[in-house]
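Each remark here refers to the structure printed beneath this line.
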Amino acid sequence: MFALVDCNNFYVSCERAFQPRLEGQPVVVLSNNDGCIVSRSAEAKALGIKMGEPLFQVRSLVEQHGVQALSSNYALYGDMSGRVMGYLASVAPELEIYSIDEAFLSLHGMERWHGRLDDYARRIRREVKRRTHIPTCIGLAPTKTLAKLANRVAKKDPALGGVLLLDSPERRQWALEQVPVEDVWGVGRQYATKLYSLGISTAAGLARCSEAMARRHLGGVVGARLVRELQGYPCHHLAPSEDGSLARQSIACTRTFGRPLSQFEDVLAAVAAFASRAAEKLRRQESAASVLTVFLSQNRFGTTPPPHTRSAQVTLPVATSDTTELVRFARSLLGRIWQPGSVYVKAGVILDGFESGEQKQLSLFAPDGSERTARLMQKLDALNARFGGNSVQVAAAIGAVGRQPGVWKGQQRRRSPAFTTNWNELWEIKA
DNA sequence: TCTGGGGTCCTAGGACCC
DNA sequence: TCTGGGGTCCTAGGACCC
């Protein structure tokens with residue numbers, strides 16, 4: 001039996017955990033540059049504010065109803081996520097951290113120790129709330145896809161008290177009939193449109209599909225597995241994370257600038273900073289990358305024909321996690337795609353092609369100096385961990401001498417304090 | 001005026017080989 | 001003009017996820 005634990009309105013709930021005045025209020029959390037809505041409280045949803053909607057399009061609604069709009073504070077959310085996941089890791093033998101606010105648990109055979117699994121889930125839910133102030137819903141079912149579906153039903157139906165267990169054919173059928181097909185895990189816009197045109201509008205309808213039909217219309221083997229999972233035959237297993245961290249196969253750092261940029265030095269400073277961040281993440285998971293991509297985008301709104309994203313990629317002679325080296329390659333790739341006179345709104349750096357364990361052995365014989373570099377990078381990470389953010393950077397990330405630094409950075413006018421992660425912004429308890 | 005930032009997996013098709 | 005039948009590896013792009 002799988003359990004999916006999903007935090008409700010996670011970013012908003014994190015903010016509320018430290019700002020009780022937000023309780024009961026319509027609240028939204030905004031994306032980078034305060035651009036789009038990425039998390040909504042129930043009250044904000046009730047006002048008709050949609051997920052992913054640009055703030056400026058709902059400005060009047062926000063003002064009219066006094067919606068609290070907060071800039072995102074990822075240091076806070078990451079820290080809160082760690083607390084929730086840390087507790088969940090203690091309630092089941094295996095945990096797969098699926099995203100910042102969701103985890104799959106394997107509860108196989110746990111009835112023996114904990115009695116009815118839905119009762120056990122209710123206790124977990126209560127305890128997460130008590131420890132972190134984060135509300136959750138829990139779906140329990142024989143497959144991951146059904147656990148997602150159970151979770152979704154539990155979330156929509158208050159009578160269920162946040163927990164739904166699908167342990168009989170009747171319960172399962174009942175739940176499948178509740179859920180529109182577009183809300184099934186793995187069915188996006190394209191597939192939903194296709195399914196509706198085939199007369200399939202609910203999860204129950206999709207579960208009745210033949211394998212041939214699923215293969216034909218839903219991306220081959222992906223669709224076949226999806227239908228099997230809805231029928232109760234597990235095709236996806238748990239990918240447990242040993243220490244709570246996830247080893248990624250690619251690492252990206254991309255941002256929309258605070259304002260459009262046309263000076264090479266300004267964009268270079270951004271790209272160098274992105275490469276540095278990506279290298280940091282890379283070292284944290286003890287990987288080394290052999291493929292580096294840099295891209296630049298122009299404004300994609302209100303222009304015809306749609307403007308391009310230019311990108312360039314290089315395969316490195318030797319996989320590395322050395323910031324200075326990655327920044328050097330990133331700079332040269334940027335030079336390749338840079339077009340003087342163009343105006344750019346966004347850039348990004350992507351690391352790929354991580355080396356495997358055996359390949360890493362070879363680096364023992366890497367050119368002289370690699371060990372020195374490794375020690376330097378350790379010190380760099382330690383300093384930045386201790387003094388915060390970007391205390392120590394490579395020069396290119398700061399920008400040319402005499403230029404204003406970080407002009408690519410956006411504004412976060414509505415950010416809450418970093419209650420848990422910054423000494424200067426600790427939560428104050430007034431006596 | 002203002003429009004996010006990460007990730008995953010799979011497939012098709014081309015290059016290349018025998 | 002006719003011009004096999006495999007196999008592998010790689011990449012670009014599409015679809016999905018939160």
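A quick note: this is a predicted structure, and the numbers were derived from the prediction, not measured. Just so it is clear, the values below take in all heavy atoms, side chains as well, and ignore hydrogens, waters and symmetry mates. Residue numbers start from 1 in every chain, and the chains themselves are labelled A, B, ... in the order their sequence lines are given, proteins ahead of strands.
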Residues in ring-ring contact (aromatic ring centres under 6.0 Å, His included) contact with [X], at least two apart in sequence or another chain:
X	answer
A/Tyr344	A/Trp338
A/Tyr191	none
A/Phe2	none
A/Phe257	none

Using the 3.5 Å cut-off, write out each protein N or O paired with an N or O of nucleotides 9-13 of chain C and the distance between them.
none

- Message: If a pair means Watson-Crick or G-U wobble with both distances below 3.5 Å, what does DNA chain C look like in dot-bracket form, with | marking bases paired to a different strand?
- Response: ....||||||||||||||
- Query: Is there a donor in the side chain of A/Asn33 and an acceptor in the side chain of A/Thr256, or the other way round, less than 3.5 Å apart?
  - Reply: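 Side chains of A/Asn33 and A/Thr256: no pair found under 3.5 Å.
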- Message: With no hydrogens and no angle check, just 3.5 Å: does a side-chain donor-acceptor pair link A/Asn299 and A/Lys346?
- Response: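 Side chains of A/Asn299 and A/Lys346: no pair found under 3.5 Å.
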Kindly give the atom pairs (protein nitrogen or oxygen, nucleotide nitrogen or oxygen) under 3.5 Å for nucleotides 14-18 of chain C.
from, atom 1, to, atom 2, distance (Å)
C/dC16, OP1, A/Gly188, N, 3.1
C/dC16, OP1, A/Gly188, O, 3.4
C/dC16, OP1, A/Gln190, N, 3.4
C/dC16, OP1, A/Tyr191, N, 2.8
C/dC16, OP2, A/Gln190, N, 3.4
C/dC17, OP1, A/Gly186, N, 2.9
C/dC17, OP1, A/Val187, N, 3.3
C/dC17, OP1, A/Val187, O, 3.2
C/dC17, O3', A/Trp185, NE1, 3.4
C/dC18, OP1, A/Lys148, NZ, 2.9
C/dC18, O3', A/Ser99, OG, 3.0
C/dC18, O3', A/Asp101, OD1, 3.0
C/dC18, O3', A/Glu102, OE2, 3.0

Under 3.5 Å, which donor-acceptor pairs link side chains of residues 196-206 of chain A to any protein atom two or more places apart or in another chain?
from, atom 1, to, atom 2, distance (Å)
A/Tyr196, OH, A/Glu182, OE1, 2.9
A/Ser197, OG, A/Lys194, O, 2.7
A/Thr202, OG1, A/Ala204, N, 3.3
A/Thr202, OG1, A/Gly205, N, 3.1

- Residues forming a side-chain contact (heavy atoms from CB on, under 4.5 Å) with A/Arg310, sequence neighbours excluded: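 If we apply the side-chain contact (heavy atoms from CB on, under 4.5 Å) test to A/Arg310, skipping adjacent residues, the hits are A/His308, A/Ile337, A/Gln339.
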- Decide yes or no for A/Leu326 and A/Thr320: does some side-chain heavy atom of the first lie under 4.5 Å from some side-chain heavy atom of the second?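 They are in contact (side-chain heavy atoms under 4.5 Å apart), so the answer is yes.
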- Item | Neighbours of DNA chain C within residues 35-71 of chain A, by heavy-atom distance under 4.0 Å |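 Contacts with DNA chain C under 4.0 Å: none.
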- Partner of A/Glu127 under salt bridge (charged side-chain N to carboxylate O under 4.0 Å, His left out), chosen from A/Arg123, A/Lys129, A/Arg130: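 That would be A/Arg130; it is the only one of A/Arg123, A/Lys129, A/Arg130 passing the salt bridge (charged side-chain N to carboxylate O under 4.0 Å, His left out) with A/Glu127.
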- Query: Can you tell me how far C1' in C/dC17 sits from the matching atom in B/dG4, rounded to whole Å?
  - Reply: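 Here C/dC17 and B/dG4 have their C1' atoms 15 Å from each other.
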- Query: Applying salt bridge (Lys or Arg N to Asp or Glu O under 4.0 Å), which residue pairs with at least one partner in residues 138-150 of chain A are found, sequence neighbours left out?
  - Reply: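 For residues 138-150 of chain A: A/Glu96-A/Lys144, A/Glu102-A/Lys148.
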Would you list the protein and nucleotides 5-7 of chain B atom pairs, both N or O, that sit under 3.5 Å from each other?
from, atom 1, to, atom 2, distance (Å)
B/dG5, OP1, A/Asn32, ND2, 2.6
B/dG5, OP1, A/Thr256, N, 2.7
B/dG5, OP2, A/Thr256, N, 3.4
B/dG5, OP2, A/Thr256, OG1, 2.9
B/dG5, O3', A/Arg255, NH1, 3.3
B/dG6, OP2, A/Thr254, N, 2.3
B/dG6, OP2, A/Thr254, O, 2.3
B/dG6, OP2, A/Thr254, OG1, 3.3
B/dG6, OP2, A/Arg255, NH1, 2.6
B/dG6, O5', A/Thr254, OG1, 3.4
B/dG7, OP2, A/Ala252, N, 2.5

